[in-house]
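What follows is a short report on a single structure.
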Amino acid sequence: MTTVNDNSSEYITNSSSSSSAGLKSLITVIILICVCISGFISRLFSIIRFESVIHEFDPWFNYRSTVYMTDNGFYNFLNWFDDLAWYPLGRIVGGTVFPGLMVTSGAIHWFFHMINIPIHIREICVFLAPIFSGLTALATYLLTKELWSKRAGLFAAAFIAIAPGYSSRSVAGSYDNEAIAIFALIFTYYLWIRSIKTGSIFWSSCTALSYFYMVSAWGGYVFIINLIPVHVGFLLLLGRYSLRLYVSYSIFYILGLILSMQIPFVGFQPVRTSEHMIAAGIFILLQAYTFFDYLYNKLRYVRNIETIFFNLSVIISIIVFAIVVLLTYTGYIAPWSGRFYSLWDTSYAAKHIPIIINLHLLICLYPVGAWFCVKDLNDERVFILLYAVFASYFAGVMIRLMLTLTPCVCILAAIALSKTLDYYADAESSEMVSNYDDSVSICDEVENDENNQYLDNNAQNIDETDDNDDDQNFLTSNIKIIVVTCIAMMLLLFIVHCTWITATAYSSPSIVLVSYNSDGTRAIVDDYREAYYWLRQNTPEKARIMSWWDYGYQIAGMSNRTVLVDNNTWNNSHIALVGKAMASNETEAYKIMTMLDVDYILVIFGGVIGFSGDDINKFLWMVRIAEGEHPKDIKENNYFNDNKEYRVDKSGSPILFNCLMYKLCYYRFGELYTDSAQPSGFDRTRSVEIGHKNFDLEHVEEAYTSANWIVRIYRVKKLSNRFQAKDALEKLTSSLSEESFEKNDGKGVILNKPHVKKGTKKSMRRT
Amino acid sequence: MTQVGQVVGILRKLNEEYQSSTPKKLKLIDAYLVYVLLTGIVQFAYCLLVGTFPFNSFLSGFISTVGCFVLAASLRIQLNKANQITFNVSPERAFADFVFAHIILHLVVVNFIG
């Protein structure tokens, strides 16, 4: 009888535990789907408010390259020489771009067209970042699951899906490298942790393949190729060496090395620059260490073998280090390149880091999670701690790298939360469970784990809860309810904050502006696209446009015209030439423009609607850059007034009033009344009445001004036939007038007489 | 002199120990490792003598030897019965992973060799 009962109870236990396992995995899948959907939706604000359009500046170049690739094929894209940019120099796109983003969109486009869904490439480009944010959440779940537990994984996925630090760079329309790079980063780290844990050749090869994807996607791949060797080094130092470590790192390094050199932009850098030398050094060190370990195991009985090996390993590491230093000194290995060098300069640090805005609640849980990892240390948790330390340092130095810190913060915060809920969310009796029926959706994970434990209790799988019972005897159910409710409220506030920040601060497409009328209605300011389309439809195909470099990508992308300088900023002298043209008077500027073959000039002017990102506000930068290359012709001080201020009103400097930028921005502005209470020509951005009105342009003529005067386009005129004659007659008549006749004692006057500047004798120069 | 004698003695003992305790399969892999190592040394010496042009071909060949060495060493480690505790793979799985990694390695090498 008893055996039958045992069998049946065992049968019940088995089926209940298998069904509870099934229930767990079902709930996990549902939660992950909800996380992906919420991550996708929270990035769609700008699409809903405006339309599906590519944002900002850099994404326009990526979009144009992707369009080129889908039209002309992959090999033509790799070999593309762009003659529409940087006229007359051109740009070798294949060798100066990270192709991962374009290839990803192109592959999705090709797949959809293959199954006969005719989706436009623009839609794919706009929505790529939100889709990849869902994949990033999945990768974060997998990584945290390897580091801690499934529950922590679910929390981490939920956090990374909505964290503003990540969504700021991956809203719909922000078609930039970071959209896929963060996914590749987390996924590579997940595969790395997996290969360390299993020591399998398969996982190491997969890590190398994922690293290859990351190298094709973003220049931040240097972070991976430095963090993983540092992790290996730390494990060696902590005495956690194992053969799994050898297998995983060696295979990852060697496959990753040769894969990373397939990207043309990276080229031979992995064997030639200092940024990649740590990885090589650790590789050699690991080979030597393993070999010695093998010998040591064979020679265990020999006396003093430990000291011999220790000395040998120290000598070999010194030799390797000396070789690397020698190679760097002789120039064979390039030293740290400029942009990485600046990362070591702590004085470069940002004055304030927008931590609260980007991370809110997570930044409080982040050190707690790190502490829990330190307490229960194993190989994987050493990695996440190193990631945390280095990412925190780099985010402090350069604010853009906040993006790489965000996943780490999400993971560690999830670990802290999970460990807390281990104590407080543990259901001991059925009364606890019924109190959670009306809990809010963020408590889903909590509640479902409760349900699981309730089921476990009923299935008489008591072992786990028995242990917890002993630990948490002092925690009554009231305290647990209070704590869990408080945590749930904090998480709710976190969600509200994230959504609000993403909606207000990070969802502006920059190409379409919004202003609100006095009665609250919205006025869309679409001047940029209006002007770019005018250029596209009303200028000859080979027309050359001169503008400041900010707008280069947008002009090339939307107007499809040749530009002189764009956001790639690889040629400072060329940019300085454009700056000099903008800062000189009209005649000098005309010489530069004829030399550069310019047909149209485009300036951005915000004075009519009060837009502060216009070219007059950027003008001093143009002057500074031009002064760097042409210090004799352009001096920044000439553009300040007598009080050393930069002003455009009556007190402004006359050189400023005569320069091309001022004239192009304020042409005919003196006739306009922007504000009924103010005189004509009132600049609403600078809040002053301009000083120099009612002038004429000599060498350019106005071609187009957009509806709110934001974009102004001018055509460069050819030289008129009788250029000198008119001036010469005037000068002659003025010189023949009475006063000048008497001044020169009746001798007449030579036009354009050169004046000799007398130099000092050598002997006098010493005094 | 005694130190040299000591080292020679150690080496001889090492050789005896190696011959006796290593199974045939692993000795085969060791022979392959030595061969790959010699190939790598020859390639590097050639590069030092003749020069690095074309650099991508040299890198491709050299990394191919290093990769083969590392992969064979990993296979040997995983097949060694003494390491059964640290690795949880069957010999067939180890060999399948080895082949997978080699396919990737040689595809990239052929692409890079120019």
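The model shown is predicted, which means the values in this text are computed figures rather than measured ones. A, B, ... follow the sequence lines: proteins, then strands. Residue 1 opens every chain. Heavy-atom basis, side chains included; hydrogens, waters and symmetry copies ignored.
- The aromatic ring centroids of A:Tyr296 and A:Phe292 lie 6.0 Å or more from each other.
- Using a 4.5 Å cut-off between heavy atoms, A:Phe283 touches chain B through its side chain atoms alone.
- Heavy atoms closer than 4.5 Å to chain B are found nowhere in A:Phe212, neither backbone nor side chain.
- Under a cut-off of 6.0 angstrom, the local environment of CZ in A:Phe81 is crowded, with over 12 non-hydrogen atoms contributed by other residues, nucleotides or ligands.
- Residue B:Asn83 touches chain A through its side chain alone, counting heavy-atom pairs closer than 4.5 Å.
- Side-chain atoms of B:Ser60 come within 3.5 Å of backbone N or O of B:Val109 as a donor-acceptor pair.
- Using a 4.5 Å cut-off between heavy atoms, B:Ile77 contacts chain A through its side chain alone, with no backbone atom that close.
- Judged by distance alone, the side chain of B:Ser57 and the main-chain N or O of B:Phe53 form no donor-acceptor pair under 3.5 Å.
- Interface remark: A:Tyr246 contributes side-chain atoms only to the contact with chain B (heavy atom separation under 4.5 Å).
- In this structure, chain B has heavy atoms under 4.5 Å from both the backbone and the side chain of A:Ser200.
- When heavy atoms are compared at a cutoff of 4.5 Å, A:Leu259 approaches chain B by way of both its backbone and its side chain.
- A:Ser260 contributes a side-chain N or O that, together with a main-chain N or O of A:Leu257, makes up a donor-acceptor pair within less than 3.5 Å.
- Of the residues considered (A:Tyr294, A:Phe202, A:Tyr253), A:Phe202 shows the highest number of contacts with chain B, using heavy-atom pairs under 4.5 Å.
- Top candidate by heavy-atom pairs under 4.5 Å with chain A, chosen from B:Phe98, B:Phe87, B:Tyr18, is B:Phe87.
- For the side-chain contact (heavy atoms from CB on, under 4.5 Å) test with A:Pro270, the passing option among A:Met277, A:His276, A:Glu275 is A:His276; the others fail.
- Using a 4.5 Å cut-off between heavy atoms, B:Ser21 touches chain A through its side chain atoms alone.
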Given the rule in the side-chain contact (heavy atoms from CB on, under 4.5 Å) test, do A:Ile225 and A:Ile278 qualify, once you have shown the distances and angles that lead to the verdict?
-> CA-CA 8 Å; A:Ile225 201 61; A:Ile278 299 180; over 6 Å; no
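- For chain A, the nearby parts of B:Phe112 are the backbone and the side chain; heavy atoms of each come within less than 4.5 Å.
- Shortest non-hydrogen contact noted between A:Glu146 and A:Lys197 is O-NZ, 2.7 Å.
- In terms of heavy-atom pairs under 4.5 Å with chain A, the best-connected choice from B:Val66, B:Leu107, B:Val89 is B:Val66.
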